Amino acid sequence: MSEEAKKEEKSLNFIEEIIEKDLRSGKYESIVTRFPPEPNGYLHIGHASSICLNFGLTRKFPGYTNLRFDDTNPTTEETEYVDSIKEDIQWLGFKWENERYASDYFPRLYEFALQLIKKGLAYVDDSTSEEMAALKGTPTEPGRDSPFRNRTVEENLALFAQMKNGEFPDGSRTLRAKIDMGHINMLMRDPVLYRIKHAHHHRTGNEWCIYPMYDFAHGQSDAIEEVTHSICTMEFVPHRELYDWLIAQLGIYPSHQYEFARRNTNYTVTSKRKLLQLVTEKHVSGWDDPRMPTISGMRRRGYTPESIRDFCDRIGVAKRDNLVDIGLLEFSVREHLNKIAHRRMVVFDPVKLIITNYQEPESGKEFLPAENNPEDGNAGERDIPFGREILIERDDFMENPPKKYFRLAPGQMVRLKSAYIIRCEEVIKDSAGQITELHCSYIPESKSGHDTSGIKTKGTLHWVHAGDAIEVEVREYDRLFRVEDPTDEEGDFKEYLNPDSLNIVKGYAEPSLKTAGINDSFQFLRKGYYKLDRDSTVERLVFNRTVTLKDSWARENKQP
RNA sequence: UGACCCAUGGUGUAAUGGUAACACUACUGAUUUUGGUUCAGUCAUUUAAGGUUCGAAUCCUUAUGGGUCAACCA
């Protein structure tokens, strides 16, 4: 079955079903969605899910998607975040039709407010936030009317103009919708529409000192852009009533809001506040620390856009609470990297191995061709140096091996990947009993690709030529938290940070890695997938471990 | 002690009144010059109890469990 046919066969999620129905019924000929980040932090894996949903919808159905920054709170928003958000979306592989800002609409929004005031549906309230909270009631008790609720339209118009003109200090007054203080939905109890903030805005500068609240900006921006399907997360369900009320009273384009459950992944946090805290308190090196669930962190770690999109696709969209196993993301990235990553050999914890019967050619060593990727016939080969002295992994040798040990042991044979079959003849130790050298013999007829020896080995080891190995730094990452859901635990979430989330080790790499590029991902044979880090210099290469290879041998041996 | 949202294997998602399916994980086994990859197989009476129906994961009722709502945040 073709990729295409497979996709078509896959059942629609509930939002796609709604759209499919709307299109079929003729309600719309094409759709408009939007991705509406607030530029007050970096995008994370949860946003990736939303991006894939919103942009994916208009890939699947006719229409387009806008990028709209929800920048109505000047005190927390910055241009730095705008730039990173745009970069992340593009890196993920999506293109927006229009780049918009809620702040583009401040003049329109102000007009909308005037319109409501004139209809007697909004009023200026002089209450302090404490007073307002006291009159708000609780989920089980109704609220009470503000003493300023019955001002005349003229008075409200005049006061609102003064608010706009900067005649009042921050927090002294608000514009509120006049709905129903006894409403069962607390958001309908005269919600605040505008507040006074004498703050510098990243785009409008000091032009405004009143700013609209989310509820008076989001739906209105949707309407202005004629967004057909405004998709957000479940916590906005109660806002929908207000969303619809405002659109109806304003008589503007009837955008509709649909909600899905935000995606959570285990062993991490995705609240912007918590992520910011990890950054500012230096628990991580920055927003793009490879342990962070941010898109920039995942990019630096070596996750590919394809693998993140695939992950988002696999976890789907629904309305129930969820905690997705991060192992699924790891599966997606292994699957993609297995197809594209070139193979290299790197020894982490070396022990010297001397091939006693090997006659080195005059040049001192022999070059052996090795395939770059067995999964990709077009990936070509590279030549790797082989000689009398090589390095292998210390744990690829055991003096007294258990029954199913396929690696090197006294008297046993293994193949050296892309080279020869060797047999261990002698173990050399220092006075402390530590193994310092392994003396082996090799089978000349067993040369990789020209093997006439007829010998079958169970194990194949990776290795590097001792004289040509280059020292590299490898940063091994583990989950950032020790528990699946840090926010669900007692006390501060930071108490549950995994102290071993970063482990820096030395590696001895085959020389071809010298030419590695900053965006190259490699599979270090029998180890995992690694990507060159931007901290690399000419003298010292630094690799980030994206993810390990599956290791059923290690797993089996962990069982007590 | 109000309103609203949600409930299908360990995890995530399907099944749209008609045989509970797919993916991941885990476990078997085969293949393998990566203990990787690949391939084959195994793992559920759908939170509970009633009801409607020839027939219910699906519709109704109640219960239980989880989540959301009392920011001049989004």
Side-chain angles (χ1 to χ4, degrees), chain A residues 10-13 17 36-38 40 70-73 75-77 125 127-129 132-133 136-143 170-176 183-187 189 191-197 210-211 213-215 217-218 232 234-241 259 261 263 266 272-273 313-332 334-335 338-339 343 345 370-371 374-375 404-407 414-419 421 446 448-449 451 456-462 523-528 548-557:
Chain A
K10 203 180 160 196
S11 57
L12 302 178
N13 66 46
E17 258 172 42
E38 183 188 10
N40 68 346
D70 236 332
D71 56 350
T72 57
N73 186 359
T75 51
T76 57
E77 295 153 5
D125 194 338
S127 306
T128 63
S129 56
M132 226 184 269
K136 189 114 192 191
T138 70
T140 52
E141 303 162 67
D170 286 5
S172 60
R173 272 168 242 253
T174 57
L175 182 75
R176 290 229 259 168
H183 201 108
I184 197 72
N185 181 349
M186 301 224 22
L187 284 155
R189 320 241 263 228
V192 172
L193 266 22
Y194 265 95
R195 77 283 217 190
I196 301 170
K197 270 182 195 255
I210 56 171
Y211 292 92
M213 299 288 290
Y214 166 84
D215 286 305
H218 201 105
C232 61
M234 293 293 285
E235 64 268 32
F236 290 95
V237 169
H239 290 253
R240 190 176 60 230
E241 193 171 10
E259 311 87 8
R263 324 303 317 194
N266 57 10
K272 281 190 202 168
R273 207 196 90 248
D313 209 43
R314 284 170 188 275
I315 62 181
V317 177
K319 299 179 87 154
R320 66 184 95 112
D321 294 335
N322 59 80
L323 188 60
V324 182
D325 192 338
I326 198 68
L328 188 57
L329 210 208
E330 295 180 347
F331 169 82
S332 290
R334 281 191 190 107
E335 185 177 61
N338 178 48
K339 287 196 200 111
R343 314 288 131 124
M345 294 202 280
E371 61 190 345
E375 307 292 320
K404 281 169 78 182
Y405 189 77
F406 300 156
R407 283 112 99 142
V414 294
R415 171 171 291 281
L416 294 175
K417 178 71 183 177
S418 298
I421 292 173
S446 67
S448 188
D451 187 353
K456 290 272 175 255
T457 59
K458 287 293 266 183
T460 300
L461 309 185
H462 63 280
Q523 183 195 105
F524 292 175
L525 231 59
R526 304 209 294 142
K527 288 292 180 184
T548 61
L549 246 34
K550 284 214 300 196
D551 189 347
S552 49
W553 170 246
R555 196 191 306 130
E556 191 173 311
N557 282 274

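Since the model is a prediction, treat every value here as computed from it, not as a measurement. Below, chains carry the letters A, B, ... as their sequence lines are ordered, and counting in each starts from 1.
Checked by distance alone, A/Thr140 brings no side-chain donor or acceptor within 3.5 Å of a matching partner on the base of B/U1.
Remark: side-chain polar atoms of A/Asp70 are not paired, donor with acceptor, to backbone N or O of A/His218 under 3.5 angstrom. Formation of a donor-acceptor pair under 3.5 Å by the A/Arg526 side chain with backbone atoms of A/Asp551 is not found in this model. Between the side chain of A/Arg195 and the backbone N or O of A/Thr174 there is no donor-acceptor pair closer than 3.5 Å. A donor-acceptor contact shorter than 3.5 Å links the side chain of A/Ser446 to the backbone of A/Ile421. Judged by distance alone, with hydrogens and angles left aside, the side-chain atoms of A/Arg334 form a donor-acceptor pair with the main-chain N or O of A/Thr548 at under 3.5 Å. With hydrogens and angles disregarded, a donor-acceptor distance shorter than 3.5 Å links the side chain of A/Asn266 to the backbone of A/Ile326.
In a base pair of the Watson-Crick type (N1 to N3 plus N6-O4 or O6-N4) or a G-U wobble (N1-O2 and O6-N3), with each distance short of 3.5 Å, B/U34 is matched with no nucleotide. In this entry B/C59 has B/G51 as its Watson-Crick or G-U wobble partner, both defining distances falling under 3.5 Å. B/U64 is paired with B/A7 under the criterion used here, namely a Watson-Crick or G-U wobble arrangement in which both key atom distances are under 3.5 Å. Pair assignment for B/U19: none, as no Watson-Crick or G-U wobble contacts are both less than 3.5 Å. Base pairing of B/G2 is made with B/C69, judged by Watson-Crick or G-U wobble geometry with both donor-acceptor distances under 3.5 Å. Under the Watson-Crick and G-U wobble criteria, each requiring two contacts below 3.5 Å, nucleotide B/C39 is paired to B/G29.
Atom C1' of nucleotide B/U33 and atom CZ of A/Arg407 are separated by 15 Å, given to the nearest angstrom. Here the P atom of nucleotide B/U31 and the NZ atom of A/Lys456 are 12 Å apart, to the nearest Å. The NZ-C1' distance, from A/Lys136 to B/G2, rounds to 16 Å in whole Å. Rounded to whole Å, atom C1' of B/C22 lies 13 Å from atom CG of A/Asp313. In this structure, the CG atom of A/Asn40 is 9 Å from the P atom of B/A74, given to the nearest Å. Residue A/Asp551 contributes atom CG, which lies 10 Å from atom P of B/U37 at whole-angstrom precision. Atom CZ of A/Arg240 and atom P of B/A3 are 18 Å apart (whole Å). Atom-to-atom, CD of A/Glu375 to C1' of B/U33 comes out at 14 Å; the value is rounded to the nearest Å.
Within 4.0 Å of A/Lys404, counting heavy atoms only, lies at least one base atom of the nucleic acid. Nucleic acid contact class of A/Thr548 (heavy atoms, under 4.0 Å, all strands): none. Residue A/Ser332 is out of contact with every strand shown, counting any heavy-atom pair closer than 4.0 Å. No contact: A/Phe524 has no heavy atom under 4.0 Å from any strand. Counting any heavy atom pair closer than 4.0 Å across all strands shown, A/Gly528 reaches no nucleic acid atom. Heavy atoms of A/Pro36 sit nowhere under 4.0 angstrom from any nucleic acid atom. Within 4.0 Å of A/His183, counting heavy atoms only, lies no atom of the nucleic acid at all. Counting any heavy atom pair closer than 4.0 Å across all strands shown, A/Arg334 reaches no nucleic acid atom. No contact: A/Tyr194 has no heavy atom under 4.0 Å from any strand. Using a 4.0 Å heavy-atom distance criterion, A/Gln523 is classed as a base contact. Nucleic acid contact class of A/Thr76 (heavy atoms, under 4.0 Å, all strands): none.
B/C39 and B/U31 are spaced 16 Å apart, taking the P atom of each and rounding to whole Å. Spacing between B/G9 and B/A21 at atom C1', rounded to whole Å, works out to 12 Å. B/C60 and B/U53 have their P atoms separated by 16 Å, given to the nearest Å. For B/A57 and B/G50, the P atoms lie 15 Å apart once the distance is rounded to whole Å. When the C1' atom is used for both B/C5 and B/A49, the distance is 23 Å, rounded to whole Å. Taking atom C1' in both B/A63 and B/C73, one finds a spacing of 37 Å when rounded to whole Å. For the P atoms, the distance linking B/U61 with B/C4 amounts to 12 Å, nearest Å. To the nearest whole angstrom, the two C1' atoms, one in B/A26 and one in B/G10, are 8 Å apart.
Closest-nucleotide positions on RNA chain B for A/Arg343 and A/Val237 were compared, and the one nearer the 5' end corresponds to A/Val237. Nearest-nucleotide mapping onto RNA chain B: of A/Glu38 and A/Leu525, the residue sitting toward the 5' end is A/Leu525.
Taking side-chain N and O atoms only, A/Arg195 has a distance below 4.0 Å to OP1 or OP2 of B/C73. Between B/U32 and A/Arg526, no contact under 4.0 Å exists linking OP1 or OP2 to a side-chain N or O. Residue A/Thr75 places no side-chain N or O under 4.0 Å from the OP1 or OP2 atom of B/C73. Between A/Ser552 and B/G36 there is a side-chain polar atom (N or O) within less than 4.0 angstrom of OP1 or OP2. Phosphate proximity of B/U37 to A/Lys550: present, with a side-chain N or O under 4.0 Å from OP1 or OP2.
Here the straight-line distance linking atom CG of A/Leu461 with atom CZ of A/Arg415 works out to 11.0 Å at 0.5 Å rounding. With values rounded to the nearest 0.5 angstrom, A/Asp215 atom CG is found 6.0 Å from A/Leu187 atom CG. Between A/Arg189 atom CZ and A/His183 atom NE2 the span is 9.0 Å, to the nearest 0.5 Å. To the nearest 0.5 Å, atoms OG1 (A/Thr76) and CZ (A/Arg273) are separated by 14.0 Å. A distance of 9.5 Å separates CG of A/Leu525 from OG1 of A/Thr460, quoted to the nearest 0.5 Å.
Between A/Phe406 and A/Trp553, the ring-plane angle classifies as parallel under the 30° and 60° cut-offs.
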Set out, line by line, the N/O atom pairs under 3.5 Å between protein and nucleotides 9-15 of chain B.
residue, atom, partner, partner atom, Å
B/U11, O3', A/Leu323, O, 3.3
B/G12, OP1, A/Leu323, N, 3.1
B/G12, O3', A/Arg263, NH2, 3.1
B/G12, O2', A/Ile315, O, 2.6
B/U13, OP1, A/Arg263, NH2, 3.1
B/U13, OP2, A/Arg320, NH1, 2.9
B/A14, O2', A/Ser11, OG, 2.9

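For A/Phe331, counting side-chain heavy atoms from C-beta on, the closest listed nucleotide (B/U25, B/G35, B/A74) is B/U25. Candidate nucleotides B/U33, B/G36, B/C72 were compared by shortest atom distance to the side chain of A/Lys417, and B/U33 ranks first. Ranking B/A26, B/C73, B/G35 by closeness to the A/Asn73 side chain, first place goes to B/C73. Closest to the A/Ile184 side chain, of the nucleotides B/A70, B/G2, B/G36, is B/G2.
You can call A/Trp553 stacked on the base of B/G35; the centres are under 5.5 Å apart and the planes sit within 30°.
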